[in-house]
Amino acid sequence: MKRKYFGTDGVRGKVGEYPITPDFAMRLGYATGKTLVAESPLPKGERPTVLIGKDPRISGYLLEAALEAGFSAAGADVCLVGPLPTPGIAYLTRALRLQAGVMVSASHNTFEDNGIKFFSLVGMKLPDDVEFAIEAELDKPMGCVASWQLGRVRRIEDARGRYIEFCKSAFPGDCHLRGLKLAVDCAHGAAYHVAPDVFHELGAEVMTIGCKPNGFNINDQVGATSPQTVAGFTREQGADLGLALDGDGDRLVMTDARGNIYDGDQLLYVIARHRLAQGLPVAGVVGTQMSNLALEHALAGLGIPFARTDVGDRYVLEKLLECGWLLGGENSGHLLCLDKHSTGDGIIAALQVLAALREQGISPEELLGALRLYPQILINVELQKDFPWQTNPAILAATREVEDSLAGRGRVLLRASGTEPKLRVMVEGEDAESVRQQAARLADTVREAMCSASGNNPADDNLSDINPRRLG
């Protein structure tokens, strides 16, 4: 079955445009509440309780209030916690034995967007059957229970403190961060009043940037999607390391004292290698189709199996559960350590890297630079509607030729964007110049194939997604 409203990470879009409107949010709260009331394992007469958190963007007030009204009208109680990272909502939902958690956030997007994502009572994404049940309720008229059945609303005052202590528990009890100078960038997002305290209470000297949210500046040239900001701040402040989270606190990118930037692939390798050094078993690691081939090769050198999924932390989690493995992530910085948390958590991922730094006794540059990424280029090609690029003979032949030329020391990936009419053409390998040439050649083939099919002039390639650091 195909979802009508839910994407891979809840419901997301531009505020004021369907479905991110107050009326839809209220109906979504009502439909979810009705589903939980019907399926809750609670004793008869007891109401299910839902936790609602948000990031600091201005539209969070609107959507929080609309969801609250919808849940109450369905007969579900609500607990409010205000701004808190997404993984904090997952943790508190599980710790308080609630029936569901809701996070109002558009993650790494700017303030004009927002979204609504859900967690189950075990702190993971809602099962498919529950999402389908909610969508079925959304197609029905909204009602309201009798006054004596309405849900109550209360605020959890110590939510921030609870989550801080949970994060600290993921760090070795016999270890500390004293003597370490950290630059922490919270993207003016949900971790602004959490992350600095976690690292400070573990002993680090903490300097902050991106910790003054005003409702409009979330992810604005700060955070994990703009790591050059924390890189510059780290150099200016003479810090040992820079940590950059995204707007809802589930992504992590790091920098060293010289401003070198390290992505999710490199951090995931650090964590996996440190587990082995501790004598802990690492049954396998999960990445995505965008994970750098160097990560796969390096893990193979350690004897660690590697599996790829579609892009999205939801798919990484599903694969981890299927395989019974603990470590996985995306190069964007979503990192999962399932022995520490049920979902990706930027703060907890940072603590795993910092534990490796402390316990191995080497410099940050040596630790983080242990994995040298292969040059990678990504070209966006404007994609004509309904063009069958997956089966086009010219594109298939060109793809095979590029793969043959890489001789197993590189990768080719063609992927249609899920948010815009573009085909992502990605080539990576050991030689930067060869990668450039092969990617340009393959992109040209795609453009020419569409031109032949339509008779139109080919569109220009969009090279804005090239990461220069990866091109050597």
Peer 1: Below 4.5 Å, heavy atoms only, C-beta onward: do Leu442 and Leu414 meet side chain to side chain?
Peer 2: yes

Peer 1: Would you tell me whether Asp250 and Thr343 have side-chain atoms, one donor and one acceptor, within less than 3.5 Å of each other?
Peer 2: no

Peer 1: Would a distance-only check, ignoring hydrogens and angles, find a side-chain to backbone donor-acceptor pair under 3.5 Å from Asp77 to Arg152?
Peer 2: yes

Peer 1: Not counting sequence neighbours, which residues clear side-chain contact (heavy atoms from CB on, under 4.5 Å) with Pro213? List them please.
Peer 2: Pro56, His188, Tyr192, Asn217

Peer 1: Can any side-chain N or O of Gln266 pair as donor or acceptor with the backbone N or O of Leu373 at less than 3.5 Å?
Peer 2: no

Peer 1: Considering only heavy atoms from C-beta outward, does the side chain of Leu51 approach that of Cys79 to under 4.5 Å?
Peer 2: yes

Peer 1: Please list, chain by chain and in numerical order, all residues satisfying ring-ring contact (aromatic ring centres under 6.0 Å, His included) with Phe24, sequence neighbours excluded.
Peer 2: Tyr5, Tyr18

Peer 1: Give the minimum heavy-atom separation between Ser105 and Ser107, together with the two atoms involved.
Peer 2: OG-N, 2.9 Å

Peer 1: Quick one: side-chain contact (heavy atoms from CB on, under 4.5 Å) partners of Gln390, sequence neighbours excluded?
Peer 2: none

Peer 1: Applying ring-ring contact (aromatic ring centres under 6.0 Å, His included), can you list everything that pairs with Phe111, at least two apart in sequence or on another chain?
Peer 2: Phe216

Peer 1: Can you find a heavy atom in the side chain of Trp389 that is under 4.5 Å from one in the side chain of Val446?
Peer 2: no

Peer 1: Is there a donor in the side chain of His108 and an acceptor in the side chain of Arg251, or the other way round, less than 3.5 Å apart?
Peer 2: yes

Peer 1: Do you know which two heavy atoms are closest between Leu150 and Cys144, and how far apart they sit?
Peer 2: CD2-SG, 3.8 Å

Peer 1: Of all heavy-atom pairs between Pro19 and Val11, which one has the smallest distance, and what is that distance?
Peer 2: CG-CG1, 3.4 Å

Peer 1: Side chains of Leu28 and Ile134: does their closest heavy-atom pair fall under 4.5 Å?
Peer 2: yes

Peer 1: Is there a donor-acceptor contact under 3.5 Å from the side chain of Glu428 to the main chain of Leu293?
Peer 2: yes

Peer 1: Which residues pass the ring-ring contact (aromatic ring centres under 6.0 Å, His included) test with His341, sequence neighbours left out?
Peer 2: Phe166

Peer 1: Compare every heavy atom of Phe306 with every heavy atom of Glu296, then report the nearest pair and how far apart it is.
Peer 2: CG-CD2, 3.6 Å

Peer 1: Can you sort out the partners of Ser169 under side-chain hydrogen bond (donor to acceptor under 3.5 Å, both in side chains), two or more places apart, ordered by chain and number?
Peer 2: none

Peer 1: Keeping Glu165 on the side-chain end and Gly161 on the backbone end, is there a donor-acceptor pair under 3.5 Å?
Peer 2: no

Peer 1: Is there side-chain contact between Met290 and Met426, with heavy atoms separated by less than 4.5 Å?
Peer 2: yes

Peer 1: Applying side-chain contact (heavy atoms from CB on, under 4.5 Å), run through Leu368 and Leu241 and close with a yes or a no.
Peer 2: CA-CA 10 Å; Leu368 296 172; Leu241 282 168; 3.5 Å; yes

Peer 1: Apply salt bridge (charged side-chain N to carboxylate O under 4.0 Å, His left out) to the pair Arg400 and Glu403, showing each step before the final yes or no.
Peer 2: CA-CA 5 Å; Arg400 282 194 297 269; Glu403 289 173 336; over 6 Å; no

Peer 1: May I have the list of side-chain donor-acceptor pairs in residues 121-128 shorter than 3.5 Å, sequence neighbours left out?
Peer 2:
{"unit_1": "Lys125", "atom_1": "NZ", "unit_2": "Asp9", "atom_2": "OD1", "d": "3.0"}
{"unit_1": "Asp128", "atom_1": "OD1", "unit_2": "Arg3", "atom_2": "NH2", "d": "2.2"}
{"unit_1": "Asp128", "atom_1": "OD1", "unit_2": "Arg314", "atom_2": "NH2", "d": "2.9"}

Peer 1: For Gln376 and Val435: C-alpha separation, side-chain torsions, deciding distance, then whether side-chain contact (heavy atoms from CB on, under 4.5 Å) applies.
Peer 2: CA-CA 7 Å; Gln376 184 184 89; Val435 166; 5.9 Å; no

Peer 1: I'd like to know if Arg447 and Asp444 make a salt bridge, using a cut-off of under 4.0 Å between side-chain N and carboxylate O.
Peer 2: yes

Peer 1: Of all residues at least two apart in sequence or in a different chain, which pass the side-chain contact (heavy atoms from CB on, under 4.5 Å) check with Asp158?
Peer 2: Ile156, Arg162

Peer 1: What's the spacing between Thr229 OG1 and Gln221 CD if we round to 0.5 Å?
Peer 2: 6.0 Å

Peer 1: Determine, step by step, whether Phe71 and Val102 satisfy the side-chain contact (heavy atoms from CB on, under 4.5 Å) criterion, reporting the C-alpha distance in whole Å, the side-chain angles of both residues, the deciding distance to 0.1 Å, and the verdict.
Peer 2: CA-CA 11 Å; Phe71 279 117; Val102 185; 3.9 Å; yes

Peer 1: Please report the interatomic distance OG(Ser417) to CZ(Arg424), rounded to the nearest 0.5 Å.
Peer 2: 3.5 Å

Peer 1: Side chains of residues 85-96: which donor-acceptor pairs under 3.5 Å do they make with residues two or more places apart or in other chains?
Peer 2:
{"unit_1": "Thr86", "atom_1": "OG1", "unit_2": "Asp248", "atom_2": "OD2", "d": "2.7"}
{"unit_1": "Thr93", "atom_1": "OG1", "unit_2": "Ile89", "atom_2": "O", "d": "2.7"}
{"unit_1": "Arg94", "atom_1": "NH1", "unit_2": "Ser342", "atom_2": "OG", "d": "3.2"}

Peer 1: Would a distance-only check, ignoring hydrogens and angles, find a side-chain to backbone donor-acceptor pair under 3.5 Å from Ser72 to Ala69?
Peer 2: no

Peer 1: Once you round to the nearest 0.5 Å, how far does CG of Asp185 lie from CG of Leu245?
Peer 2: 7.5 Å

Peer 1: Applying side-chain contact (heavy atoms from CB on, under 4.5 Å), name anything that partners Ala439, two or more places apart in sequence or on another chain.
Peer 2: Ile377, Ile379, Val427

Peer 1: Does atom NE2 of His193 have more than 12 heavy-atom neighbours, drawn from other residues, nucleotides or ligands, at distances under 6.0 Å?
Peer 2: yes

Peer 1: CG of Leu295 to CG of Asn331: how many Å apart, nearest 0.5 Å?
Peer 2: 9.5 Å

Peer 1: Mind checking whether Arg160 and Val194 have side chains closer than 4.5 Å, heavy atoms only?
Peer 2: yes

Peer 1: Using only atom types and a distance under 3.5 Å, with no angle test, would you say the side chain of Arg411 pairs donor to acceptor with the backbone of Ser291?
Peer 2: yes

Peer 1: How many angstroms lie between atom CG of Leu317 and atom NE2 of His334, to the nearest 0.5 angstrom?
Peer 2: 12.0 Å

Peer 1: Any side-chain to backbone donor/acceptor pair from Gln99 onto Thr49? Under 3.5 Å, distance only.
Peer 2: yes

Peer 1: Could you walk me through whether Ile164 and Cys167 pass the side-chain contact (heavy atoms from CB on, under 4.5 Å) check?
Peer 2: CA-CA 5 Å; Ile164 287 174; Cys167 289; 5.9 Å; no

Peer 1: Identify each donor-acceptor pair in which a side-chain atom of residues 318-325 lies under 3.5 Å from a protein atom, sequence neighbours left out, and give them as a table.
Peer 2:
{"unit_1": "Lys319", "atom_1": "NZ", "unit_2": "Glu322", "atom_2": "OE2", "d": "3.4"}

Peer 1: Do the side chains of Leu371 and Asn292 get nearer than 4.5 Å, heavy atoms only?
Peer 2: no

Peer 1: How close do Val37 and Pro48 get, heavy atom to heavy atom, and via which atoms?
Peer 2: CG2-CG, 3.7 Å

Peer 1: At their closest point, which heavy atom of Glu112 faces which heavy atom of Thr110, and how far apart are they?
Peer 2: OE1-OG1, 2.7 Å

Peer 1: Name all pairs fulfilling the side chain to side chain donor-acceptor pair (under 3.5 Å) condition that reach into residues 26-39, sequence neighbours left out, sorted by first residue then second.
Peer 2: none

Peer 1: Using 4.0 Å as the upper bound for N to carboxylate O, is an ion pair formed by Lys4 and Asp139?
Peer 2: yes

Peer 1: Is there a salt bridge (charged side-chain N to carboxylate O under 4.0 Å, His left out) between Lys54 and Glu64 once you walk through the steps?
Peer 2: CA-CA 8 Å; Lys54 60 183 179 180; Glu64 176 190 56; 3.3 Å; yes

Peer 1: Please examine the side chains of Leu98 and Phe119, heavy atoms only from C-beta on, and report whether any two atoms are closer than 4.5 Å.
Peer 2: no

Peer 1: As an exercise, state the distance from OG1 of Thr399 to CG of Leu413, rounded to the nearest 0.5 Å.
Peer 2: 10.0 Å

